[in-house]
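Have a look at the structure below before the remarks.
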Amino acid sequence: MLTLGIETSCDETSVSVTEEKKVLSNIVSSSVRLHKRYGGVVPEIASRSHVEYILEVFKTALKESHRSLKDIKLIAVTNGPGLVGALLTGISLGKSLSYCLKVPLIGVNHVLAHLYSAFLNEDETLSFPFVGLVVSGGHTALFLCGKNYRQKLLGQTLDDASGEAFDKVARILRLGYPGGPVIERRARLAKEKDSVKFPKTFLGKGSLDFSFSGIKTAVLYYVRDRVVSTSYIVHSTSYEMGSAEKPLINDICYAFQENVFNTLIEKTFLAARIHRVKNIVVGGGVAANTRLREKFGEASGFSGNVKVYFPKKEYCMDNAAMVGVLGEELYKRGKRSGLYLSAEPNLEVVNVK
Ligand code: KG4
Ligand code: ZN
């Protein structure tokens, strides 16, 4: 079954052609460079950019798949959560194609597409049940996933998402947007790894919820109290910083990143223990981070019997292939949408028993 996937929930315009879990094409055009100067995604700019590029991305995806439009048997499109104007572009393309080609249309939850994106590796050894962690710019949540794509929310962030914390801390440190990749790079350059320490956020024994606003504020106060004196904040108006501050900024990045990742790992393994599950799956933009992958690998080694799966890096960031593959699986299990499908900016994950 050939599925056309469409993703436009934030700043990536993406169209894919997939067959079962095989990716024939997955074209991603990002408007991230247009948002850099604002320090975050500007919804109106993202929406316009989707309108401008979606047809070209669609044509390229079809061409690279070496299949023709008449071979497409299902259209899967992200219908939430996300920016309403951005979602509408993808949904409009999906509806038009569904109507013209007379093929079914299915709406896919973006968070679930991240959650199940490790299946795109066609890794036969990954099987249900597993504990799934989604770490992206908009979400941080833990799920218990049972067979036939049934999931239950176990915990989620009470304030900032983990990716959002990376973006905000990068902003405090004047490192630019998006924060994740640059903080990862700077953390790797840290020389005095244990020179900076931030407090851990506790939410009560056994809690599987997260909170990242505390660590973000701790970084802000640390910079205000220790780095301002070196004139960094006062005089640095561009994203370039003086050489005197560079080593300290690297150490701050390291301490921040370790702090966030330790919490993610502790809670995910706790969830696996509570629910006696042997598999952990991690998805979303933050899952592209090599240090996070290393640390989960180490924790898996210590645990002895829990295996951790990550999607390939190209499937961590927003992409249509994860939407197409999940859409097809849900369609096969009876899920249907129709031409009445609407954009749902606050679409939630429904627990499925
Ligand atoms: O999944 P995604 O592409 O979009 C959302 O659904 O939000 O995730 C984007 C987020 C951004 O916050 C970005 O800073 C973060 O993922 N990110 C990373 C890395 N690459 C992207 N965070 C940490 N380390 C990275 N290497
Ligand atoms: Zn995403």
Side-chain angles (χ1 to χ4, degrees), residues 5-14 16 26 28-33 35-36 38-41 43 46 50 77-83 86-87 90 108-118 120 132-141 156-157 160-173 175-189 210 212 215-216 253-254 256-265 282-296 310-323 326 345-347 349:
I6 306 171
E7 158 63 42
T8 61
S9 66
C10 192
D11 56 341
E12 268 87 32
T13 313
S14 181
S16 65
N26 184 35
V28 182
S29 161
S30 178
S31 61
V32 68
R33 72 195 144 73
H35 306 287
K36 274 184 191 290
Y38 303 102
V41 174
H50 287 310
V77 58
T78 301
N79 72 312
L83 306 168
L87 288 164
V108 174
N109 183 308
H110 182 80
V111 177
L112 291 185
H114 277 306
L115 176 63
Y116 293 110
S117 57
L120 271 83
L133 171 70
V134 176
V135 275
S136 71
H139 296 85
T140 296
Q156 61 188 324
T157 183
D160 293 346
S162 47
E164 187 182 359
F166 271 82
D167 296 336
K168 288 179 174 171
V169 163
R171 196 172 182 163
I172 293 168
L173 299 173
L175 295 176
Y177 176 85
V182 64
I183 289 185
E184 175 177 6
R185 227 169 26 248
R186 302 299 298 256
R188 219 178 295 131
L189 299 173
F210 302 91
F212 297 108
I215 171 84
K216 177 193 68 187
C253 287
Y254 179 84
F256 162 76
Q257 183 172 269
E258 292 297 300
N259 186 301
V260 170
F261 289 173
N262 287 342
T263 304
L264 292 175
I265 290 166
V282 189
V286 182
N289 187 297
T290 304
R291 180 70 183 143
L292 182 67
R293 288 167 179 252
E294 265 169 31
K295 283 176 77 79
F296 259 112
F310 279 87
K312 282 183 191 154
K313 288 197 177 179
E314 65 196 281
Y315 302 132
C316 289
M317 307 299 287
D318 289 350
N319 67 91
M322 67 181 187
V323 176
L326 178 59
N346 301 315
L347 185 64
V349 171

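In what follows, residues are counted from 1 in the order of the sequence shown. Counting convention: from 1, in listed order, for ligands and their atoms alike. Below, all heavy atoms of this structure are taken into account, side chains as well, without hydrogens, waters or symmetry copies.
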Between the side chains of Glu164 and Lys216, is the shortest nitrogen-to-carboxylate-oxygen separation below 4.0 Å, so that they form an ion pair? no

pair [X]-[Y]: side-chain heavy atoms closer than 4.5 Å:
X: Pro178; Y: Val32; value: yes
X: Cys253; Y: Leu175; value: yes
X: Gln257; Y: Lys295; value: no

Mind checking whether [X] has an N or O less than 3.5 Å away from an N or O of ligand 1?
X: Glu12; answer: no
X: Gly285; answer: yes
X: Gly284; answer: no
X: Gly163; answer: yes

Say you draw a straight line from CG of Leu120 to SG of Cys316; how long is it, rounded to the nearest 0.5 Å?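 It comes to 10.5 Å.
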
Closest approach of [X] to [Y] (non-hydrogen atoms, all atoms of both residues):
X: Ala86; Y: Cys10; value: CB-O, 3.9 Å
X: Gly283; Y: Ser117; value: CA-OG, 4.3 Å
X: Gly132; Y: Leu115; value: CA-CD1, 3.5 Å
X: Gly179; Y: Asp167; value: N-OD1, 2.7 Å

Answer with yes or no whether Pro181 contacts ligand 1, where contact means a heavy atom under 4.0 Å from a ligand atom. yes

Has Gln257 got any heavy atom lying under 4.0 angstrom from an atom of ligand 1? no

The Zn ion (ligand 2): which protein N, O or S atoms are under 2.8 Å away?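 Less than 2.8 Å away from the Zn ion (ligand 2) sit His110 NE2, His114 NE2, Asp318 OD1.
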
Going by the order shown, which atoms of ligand 1 are within less than 4.0 Å of some heavy atom of [X]?
X: His114; result: 1 (O), 6 (O)
X: Gly179; result: 14 (O)
X: Gly138; result: 7 (O)
X: Asp318; result: 1 (O), 2 (P), 3 (O), 4 (O), 5 (C), 6 (O)

Write out the residue and atom name of the closest protein heavy atom to [atom], then the distance separating them to 0.1 Å.
atom: atom 10 (C) of ligand 1; answer: Gly137 N, 3.4 Å
atom: atom 18 (C) of ligand 1; answer: Gly180 CA, 3.4 Å
atom: atom 11 (C) of ligand 1; answer: Asp167 OD2, 3.6 Å
atom: atom 26 (N) of ligand 1; answer: Glu184 OE1, 2.8 Å

For ligand 1, which part of [X] has a heavy atom less than 4.0 Å away: the side chain, the backbone, both, or neither?
X: Met317; answer: both
X: His110; answer: side chain
X: Asn289; answer: both

Please check if atom CZ in Arg291 has more than 12 non-hydrogen atoms from other residues, nucleotides or ligands closer than 6.0 Å.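 Atom CZ in Arg291 is packed in, count exceeds 12.
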
Going by side chain to side chain donor-acceptor pair (under 3.5 Å), name the residues that satisfy it together with [X], two or more places apart in sequence or in a different chain.
X: Lys312; answer: none
X: Asn109; answer: none
X: His114; answer: His110, Asp318

Decide if the gap between the ring center of Phe166 and the ring center of Phe256 is smaller than 6.0 angstrom.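 Yes - the distance between ring centres of Phe166 and Phe256 falls below the 6.0 Å cut-off.
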
